[in-house]
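In what follows, every heavy atom counts, from backbone to side chain, and hydrogens, waters and symmetry copies are set aside.
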Amino acid sequence: MQTYNIHEAKTQLSKLVEMAAKGESFLIAKAGKPMVKVIALDTPESSQMKRFGFMSGQTKVPDDFNTMGVAEIQELFESKI
């Protein structure tokens with residue numbers, strides 16, 4: 001992420017606003033210390049981002065998933081220790 005000092009941001013404000021509107025976020029710093037992050041208004045906040053289904057299509061569930069290991073589990077419950 002690009003960082004601009006306040007003076008540089010003032011002189012290039014139009015360009016930086018266009019960058020942010022296109023989705024390129026950046027930081028504005030004062031004396032080298034980052035002060036603010038500039039992002040587009042329509043960028044979803046982390047609390048708004050949906051995590052459900054983020055790995056869709058990347059895993060495969062076996063057809064026998066519900067019956068996997070039934071015999072071993074049954075044996076564990078029935079065996080005497």
Side-chain angles (χ1 to χ4, degrees):
M1 184 176 310
Q2 194 74 12
T3 303
Y4 299 91
N5 64 44
I6 290 178
H7 177 68
E8 191 176 14
K10 284 181 191 178
T11 60
Q12 298 182 16
L13 184 61
S14 295
K15 176 186 144 196
L16 295 176
V17 168
E18 288 297 320
M19 280 177 37
K22 291 178 183 175
E24 298 178 48
S25 57
F26 58 91
L27 300 172
I28 297 180
K30 182 176 183 180
K33 179 182 174 193
M35 301 294 286
V36 296
K37 179 179 180 181
V38 180
I39 60 171
L41 282 175
D42 59 354
T43 303
E45 295 180 21
S46 59
S47 62
Q48 295 175 327
M49 295 171 68
K50 297 180 181 178
R51 299 264 314 148
F52 185 74
F54 73 100
M55 290 188 67
S56 179
Q58 296 182 22
T59 59
K60 182 171 181 348
V61 178
D63 293 334
D64 65 341
F65 178 77
N66 291 332
T67 58
M68 287 174 53
V70 169
E72 291 85 359
I73 294 170
Q74 181 103 22
E75 186 179 319
L76 287 170
F77 277 100
E78 293 176 352
S79 67
K80 294 181 181 179
I81 299 177

Verify the neighbour count for atom CG of Asp64: are there more than 12 heavy atoms of other residues, nucleotides or ligands below 6.0 Å? yes
Any chance you could measure [X], atom [atom1], to [Y], atom [atom2], to the nearest 0.5 Å?
X: Lys30; Y: His7; atom1: NZ; atom2: NE2; value: 15.0 Å
X: Glu18; Y: Gln12; atom1: CD; atom2: CD; value: 13.5 Å
X: Leu16; Y: Glu24; atom1: CG; atom2: CD; value: 10.0 Å

Closest non-hydrogen atom pair between [X] and [Y], with its separation:
X: Phe26; Y: Met19; value: CD2-CE, 4.3 Å
X: Ala20; Y: Ala40; value: O-CB, 3.1 Å
X: Asn5; Y: Ile28; value: C-CG2, 4.5 Å

Could you tell me if the side chain of Glu72 sits less than 4.5 Å from the side chain of Leu76, heavy atoms only? no
Among the clusters formed by ILVMFWY side chains lying less than 4.5 Å apart, do Tyr4 and Ile6 turn up in the same one? yes
Quick check on the hydrophobic clustering: are Val17 and Ile39 connected, directly or via other members, by side-chain heavy-atom contacts under 4.5 Å? no
